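Lettering of chains follows the sequences in order, A, B, ..., and the numbering in each one begins at 1. Everything quoted here is computed from the prediction, not taken from an experiment.
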Amino acid sequence: MKELSGLPVDSTCVIASLDGDQRFISRITSIGLTPGCRVNVIKNDGNRPMLIYSRDTMIALNRNECKGIMVKEVTA
Amino acid sequence: MSTATIALLGQPNSGKSTLFNALTGLRQHVGNWPGKTVEKKEGSFTHNGMEYRVADLPGSYSLSANSDEEVITRDYIASGDADVVCILADSSQLQRSLFMLADYAGIDVPCFLLLNMSDVAKDQGKTIDAKAIEERLGIPVIPFSATDTRSYDVFYEAMGRAINNKTRLNLNDLKKQYESIKGYQEICDLIPENALPGYSSMWAAVKVIEGDRVVSAKLKNAVGAETFAKIEEIKKNTQGAVATGGCKFAWIDDVLDKAVVSGEKKVTLSRLDRIYTSRVWGKPAVILTVLLGLIASFIPALPLMGVGSAVIAIKEPVMNALYSAGCPEVIVLVIGDVIIQSFSYIFKMLGFVFGVTLVFGLLEEAGVMARISYVFDNTMGKLGLQGKSVMPFLVSFGCTMGGAAGARVIDNWGQKVLTIALAWAVPCGAAWATIPMLASIFFGPGAVGVIVAILLTMLVHMWITAKVFGGKLVKVEDRYGMIMELPPYHKPKWGSLFRYVFGRTKETFVRVTKVILLVCGLFWLLSYSPSGNTSVLYRIGVAIEPVTRFFGMPWQLFLSYIASAVGKEGAIGVISALYNGGSLGTAFVDSMNGAARAANFNEMMLANVTKPEALAFIFAMTFNMPCVVALAATYQETHSAKWTARIVLYYTVMSLILAFIAYHIGLLIW
């Protein structure tokens, strides 16, 4: 298991677990990121928000907010 | 005529506003929910002789208690004020956007589902079997595209069906999903049906598991502390929102199973998005986009601005005609200098509001505004704002009123008011015309230093203002990092956009006319002097000169400072007139209409005003209330007389403090 923000661009992963306060969990699940869901990393550089693609949607994530997202990398 | 109320519910970018505008057009009203800092959009339309009221509920990703918007939305729906709820989902990302429907499930109000953007989904090679989904859900489900006029017939038909048959969502399969959560059933059994009016026990149980504070508090009241303690105990062993979220998506997957067919394709960023998301080019690209938008907004603004100039052109003939008809001077002046003058401002302002609303509404609709939010999220987040707030700030370099009008793309009321409050600190075009001119008279090449000082002061001012107002407007616990969808670029729906822009311009006209007439009338009354310099403002100015000198302003400069709050363009004309023994009111009106300043202006200034006083005046004028039109636009956008008054008072005090500091620094130097 890795932190989502540790993945390189173009990698694909599956969300393994979510960790954070109630508000974070509620917000992250309501945009579609739940355990078991597949995520493509589109952009991941420096201190700028991450861009990921999941459930047909491009999602921008603040770097602090993705600390609680643990993933398993999968090979396409 | 019989009526029904329909509420629109959907996630951001689901096309909810487009539908609302298309349905209601000019018949809409924006205000605040009673006692709340959340915007309320209402409108109405008639169809087949029946009148429908429409409530455009705030866009959010769920119905949890993460924000006031969400709590208000769900309480409004559960109250039963709406006869039917129209839930919007985005066909191109159907699985994710049906989360709202899953979160709604269990609220006991008839509903139907709109699969919006079906054209986009089609372009992506997706086929959606709406009939199959309809059978599984038990409510009308229709594919919809706002650009397709035939879509609306289907919409009206589905709406009628939902209202007449009171169609409710089939909850059996979702219940089964929730039953797989250990402890869910026990919690559910402890909550009697209708413990929370309008919500089912399933809905309440799920929210308790998710740790929803508002629901928990209400439930504790409804079932008693003892039962609630049991619920809390069971809840500890559940996985909270992770588990319920999983159930919701599992249910959605079942609902969509075989009903959606899509081809696999690799996702890449478009060329435009590669620029916007670039570390180096992102910010310049956004600034360029906003500046081009600002320039573009002058094109649709021109006709109305032309009307504003035409109104001024009739002022003199009208006044002359009234004089020759033997009308008393006071009445002629009120008609000319107050009423006609005000309507000239109003039309010029409306032109600009029209242009800015159109262009920035277009950027919002096309999906560009979401990119702006992305690029400036980090920077603006430090002030408690969204990335979008950068747009009103940049527009305010041209015109504060445009900045205030542009702030309407910010969907959170508190952040919008804070954005406008900060945008006032940005010196506008009229200030930028005055600052270098005055500074070069007194400081020669040192004028560059003054401009730099003004810009630095602006940044500090904005930072302080964010501290002063931020705590109240954007609560610290509501500040969080961005979790936001970057929607695909959309072609704008011109018809709907124009209806929206005309609607907002009309509403702006009605509201600001009152404010501008009031302020201009008051200013005229105070500066009216039937013979020589005998106006109330003059007397006050001279009487309190010992005090204003403290801030570095002799009475002439102080009165000009007061005038600059009404219109910065008028400040120089007033100074010029007062040192030449002219009348305040006339000089102000003339210079607002573009009269040239006196030929001997430079010499006169150098002879009467010291360098520290000049510096104090530049700061006081620049950071004063921008102008009466900006005031009116602020009132229009915040819908709050209280907050508008607070901002005015704050800027008056701050500009005097800055003048004081500048004056005393000046005294030390020179």
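Among A:I42, A:L51, A:D45, the one residue that satisfies the side-chain contact (heavy atoms from CB on, under 4.5 Å) test with B:T277 is A:L51.
With rounding to the nearest 0.5 Å, the separation of OG in A:S30 from CZ in B:R96 is 9.0 Å. Rounding to the nearest 0.5 angstrom, the gap separating the OG atom in A:S26 from the CG atom in B:D103 is 7.5 Å. Between the OG atom of B:S270 and the CE atom of A:M58 there is a distance of 8.0 Å, given to the nearest 0.5 Å. Here the CE atom belonging to A:M50 is positioned 12.0 Å from the CE atom belonging to B:M482, to the nearest 0.5 angstrom.
The closest donor-acceptor contact from the side chain of A:R23 to the backbone of B:N66 lies under 3.5 Å. Between the B:Y374 side chain and the A:P49 main chain, a donor and an acceptor come within less than 3.5 Å of each other.
Among A:I59, A:I31, A:T34, A:L61, the residue making the largest number of heavy-atom pairs under 4.5 Å with chain B is A:I31. The candidate from A:T57, A:L33, A:T29, A:D10 with the greatest count of non-hydrogen atom pairs under 4.5 Å with chain B is A:T57. Chain A forms more heavy-atom pairs under 4.5 Å with one residue of B:S278, B:A102, B:A370 than with any other, namely B:S278. Comparing A:L18, A:I28, A:I25 by heavy-atom pairs within less than 4.5 Å of chain B, the highest count is held by A:I25.
Within residues 381-390 of chain B, no residue approaches chain A closer than 4.5 Å by heavy atoms.
B:E210 touches chain A through its backbone: at least one of N, CA, C or O sits under 4.5 Å from a heavy atom, while the side chain does not. Contacts between B:S97 and chain A at a heavy-atom distance below 4.5 Å are absent for every atom of the residue. Residue B:K126 touches chain A through its side chain alone, counting heavy-atom pairs closer than 4.5 Å. For chain A, no part of B:Q239 is nearby; none of its heavy atoms comes within less than 4.5 Å.
Two residues are said to be in side-chain contact when any heavy atoms from C-beta on lie closer than 4.5 Å; B:V242 and A:P35 meet this criterion.
Applying the side-chain hydrogen bond (donor to acceptor under 3.5 Å, both in side chains) test to B:N378 and every residue at least two apart in sequence or in another chain returns nothing. The side chain to side chain contact (heavy atoms under 4.5 Å, CB included) test applied to B:P143 returns B:S118, B:A130, not counting sequence neighbours.
Here salt bridge (charged side-chain N to carboxylate O under 4.0 Å, His left out) pairs that include residues 11-21 of chain A, with residues two or more places apart or in two chains, number zero.
Residues B:D377 and A:R48 are not paired through a salt bridge, judged by the lack of any N-O separation under 4.0 Å between the basic side chain and the carboxylate.
Considering all non-hydrogen atoms of both residues, B:Q93 and A:R55 come closest at CB-O, 4.0 Å.
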